[in-house]
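Take a look at the structure set out below.
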Amino acid sequence: MRRFPLSVRLLLVNQFGVNTGFYLLIPYLATHLTDDLGMSVAMVGIVLGVRTLSQQGMFLVGGSASDRLGPRRVIIAGCALRTLGFGMFAAGESLAILLAASVLSGLAGALFNPAVRAYIAIEAEDKAGAFALFNVFAQAGALLGPVLGSVLLLWGDFRVSALVAAGIFALLTIAQAMVLPARAVQPHDGTVIGDWRECLANRRFIAFTLALTGMFALQNQLYLVLPMEAKRATGSAASVAAVFLVSTVASLLFQVRITRLLGARMARGRAIALGLAVMGGGFIATALDLGVAGVLIATLGLSFGVMITHPFVYELIPTFGRENLAGTYFGMFYLASGVVAAGANAAIGWASEVSNTLASLVCMAIGLVCACAVLVLHRRGALTKEAVG
């Protein structure tokens, strides 16, 4: 961490806090809504869906806000909004308040997610190394959050967990307001719509974004195909926790080492293609129905593929356009990837209803097709910094 500026170090710690607070509350929200508040499963789906839609649908707005207002202001505003949203989850019992809390919580993520990445991409000289550490801190928070949430639920009720989560975001808001350095906001001559049109007119960026939608689609199988396979292989729902534990521990141990090794020896396009192929290739083990070993192999394949791919993807995204549009490019990337990945998840879910093997084969195909698409872009010179910068 000492290699990076104070601003980057703070944002790494910030991401640890963000994921700790998020996973402390969100995994237990559905149970609270049904068991404590007596809501129907349909209403719970609406509340959770509104949060996801508010975040995914507003990524582009958050990215543009980062470019226009400066990432520091947007990061602080996002953490403050999530403090308010999680506080409302603690106090709210009516559907209206819970929906408002969902909207605020989702909008908060849409604000600070692209802004944090844009800030790191601009401030860090070793961008891939910074994003590798970013993933490590994020995974550590994702591991601590559910554990802390479980302890708090044993000690109190969901409202205690929600208040602690809100308190974490309040502390992050204060820390960033006091310590995070402000960057000079570069002037913008055009309009926000003009910025969006510039992104959409960038054919190399759009092709890259479409090729990388498979990364998000496969990453989401940590919550869909792999938990189902783990439960089917062991007959126990408790085995689902092992899937997350294996993924997190692998990331904590190997993320920085992998990024350093590949960053020094492999072109970015080839590294990203390799990561996508590893993500998809791991599912051959579940397609062959190798039981617990198959689930473990697929989980590790997915985890190592993400470790290979993520830092280099985040390194390249802001180089496709002007530096003062880094947030917009991150926002557009997340919006497009989220929409396409949602469709891919629906297809994988349909395939799993037909057979588990078919779902695994679809995952393999997604990884290999996207890897080939990235290799084509690489061989055409579309992913070199000279081409995209």
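Just so it is clear, the values below take in all heavy atoms, side chains as well, and ignore hydrogens, waters and symmetry mates.
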Kindly determine whether Phe205 and Thr209 satisfy side chain to side chain contact (heavy atoms under 4.5 Å, CB included), including the steps that lead there.
CA-CA 6 Å; Phe205 170 71; Thr209 298; 3.5 Å; yes

Test ring pair (Phe, Tyr, Trp, His ring centres under 6.0 Å) applied to Tyr334 and Phe216, step by step:
CA-CA 9 Å; Tyr334 272 106; Phe216 288 96; 5.7 Å; yes

Can you list the steps and then say if Phe89 with Ser105 is a side chain to side chain contact (heavy atoms under 4.5 Å, CB included)?
CA-CA 10 Å; Phe89 276 130; Ser105 300; 3.6 Å; yes

Take Ser247 and Thr299 through the side-chain hydrogen bond (donor to acceptor under 3.5 Å, both in side chains) test and state the conclusion after the steps.
CA-CA 6 Å; Ser247 176; Thr299 301; over 6 Å; no

Could you go step by step and tell me if Leu153 and Thr31 meet the side chain to side chain contact (heavy atoms under 4.5 Å, CB included) rule?
CA-CA 11 Å; Leu153 287 175; Thr31 302; over 6 Å; no

Walk me through whether Arg159 and Asp36 qualify under salt bridge (charged side-chain N to carboxylate O under 4.0 Å, His left out).
CA-CA 10 Å; Arg159 290 175 177 82; Asp36 299 336; 5.5 Å; no

Evaluate side chain to side chain contact (heavy atoms under 4.5 Å, CB included) for Val192 paired with Arg68, printing each intermediate quantity in order.
CA-CA 9 Å; Val192 171; Arg68 298 277 171 162; 3.8 Å; yes

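If you take SG on Cys370 and CG on Leu212, they are separated by 7.5 Å, rounding to the nearest 0.5 Å. Remark: Thr248 OG1 to Gln139 CD distance equals 4.5 Å, nearest 0.5 Å. If you take CG on Leu11 and CG on Leu6, they are separated by 9.0 Å, rounding to the nearest 0.5 Å. Atom CG in Leu361 sits 7.5 Å away from atom OG in Ser355 (nearest 0.5 Å). Taking CZ from Arg268 and CG from Leu383, the interatomic distance works out to 11.5 Å, rounded to the nearest 0.5 Å. Expressed to the nearest 0.5 Å, how far CD1 of Ile366 lies from CD1 of Ile348 amounts to 4.0 Å.
For the pair Phe59 and Gly109, the tightest heavy-atom approach, listed with the atom from each and the gap, is CE2-O, 3.8 Å. Residues Ala165 and Leu24 come closest through the heavy atom pair CB-CD2, 4.0 Å. Nearest heavy atoms, Ala130 versus Val8: CB-CG1, 4.4 Å. Contact detail for Gly331 and Pro114: the closest heavy-atom pair is N-CB, 4.1 Å. Considering every non-hydrogen atom in both Phe112 and Cys79, the closest pair reads CD2-N, 3.8 Å. Listed here is the closest heavy atom pair of Gly291 and Ala233: C-CB, 3.8 Å.
Here the side chain of Arg72 pairs a donor or acceptor atom with the backbone of Leu180 at under 3.5 angstrom. In this structure a side-chain-to-backbone donor-acceptor pair under 3.5 Å is missing from Arg232 to Pro227. Ser64 contributes a side-chain N or O that, together with a main-chain N or O of Leu60, makes up a donor-acceptor pair within less than 3.5 Å. Side-chain atoms of Asn14 do not come within 3.5 Å of backbone N or O of Gly17 as any donor-acceptor pair. Judged by distance alone, the side chain of Gln255 and the main-chain N or O of Met307 form a donor-acceptor pair under 3.5 Å. Under the 3.5 Å distance criterion, the side-chain polar atoms of Ser102 are matched with a main-chain donor or acceptor of Val47. Checking side-chain atoms of Tyr119 against main-chain N and O of Gly327 turns up no donor-acceptor pair under 3.5 Å. Judged purely by atom type and a 3.5 angstrom limit, Arg260 has no side-chain atom pairing as donor or acceptor with the backbone of Gly129. Judged by distance alone, with hydrogens and angles left aside, the side-chain atoms of Gln55 form no donor-acceptor pair with the main-chain N or O of Arg51 at under 3.5 Å. Remark: side-chain polar atoms of Thr309 are not paired, donor with acceptor, to backbone N or O of Val306 under 3.5 angstrom.
Taken together through direct or relayed side-chain contacts under 4.5 Å among Ile, Leu, Val, Met, Phe, Trp and Tyr, Val376 and Met215 form parts of separate hydrophobic clusters. Note on Leu368 and Val374: separate hydrophobic clusters, where clusters join Ile, Leu, Val, Met, Phe, Trp and Tyr whose side-chain heavy atoms are under 4.5 Å apart, directly or indirectly. Cluster membership check: Phe169 shares its hydrophobic cluster with Val160, using side-chain heavy-atom separations under 4.5 Å among Ile, Leu, Val, Met, Phe, Trp and Tyr. Under a hydrophobic clustering in which Ile, Leu, Val, Met, Phe, Trp and Tyr are joined whenever their side-chain heavy atoms come within less than 4.5 Å, directly or via other members, Leu29 and Leu95 fall into the same cluster. In the hydrophobic cluster analysis, where Ile, Leu, Val, Met, Phe, Trp and Tyr join through side-chain heavy atoms closer than 4.5 angstrom, Leu375 is grouped apart from Ile206.
Two residues are said to be in side-chain contact when any heavy atoms from C-beta on lie closer than 4.5 Å; Cys199 and Phe320 fail this criterion. When side chains are defined from C-beta on, Arg117 does not count as touching Ile317, because their heavy atoms never get closer than 4.5 Å. In this structure the side chain of Asp67 never reaches within 4.5 angstrom of the side chain of Asn324, judged on heavy atoms. Counting only heavy atoms from C-beta outward, the side chains of Leu262 and Ile308 approach each other to under 4.5 Å. Counting heavy atoms from C-beta on, the side chains of Asn135 and Thr259 never come closer than 4.5 Å. Contact annotation: the side chain of Val295 approaches that of Val243 to within less than 4.5 Å [non-hydrogen atoms, C-beta and beyond]. Side chains of Met39 and Leu98 form a contact here, defined as non-hydrogen atoms less than 4.5 Å apart. A heavy-atom distance below 4.5 Å is not found between the side chains of Phe312 and Leu274.
Within 6.0 Å of CE on Met178 lie no more than 12 heavy atoms contributed by other residues, nucleotides or ligands. More than 12 heavy atoms of other residues, nucleotides or ligands lie within 6.0 Å of CG in Leu37, so this atom counts as buried by the packing criterion.
Aromatic ring orientation, Phe131 versus Tyr314: tilted (interplanar angle from 30° to 60°). Using bins of under 30°, 30° to 60° and over 60° for the plane-to-plane angle, the ring pair Phe158/His32 lands in the parallel bin.
In the model, Tyr329 has no side-chain atom that pairs as donor or acceptor with a side-chain atom of Thr319 under 3.5 Å.
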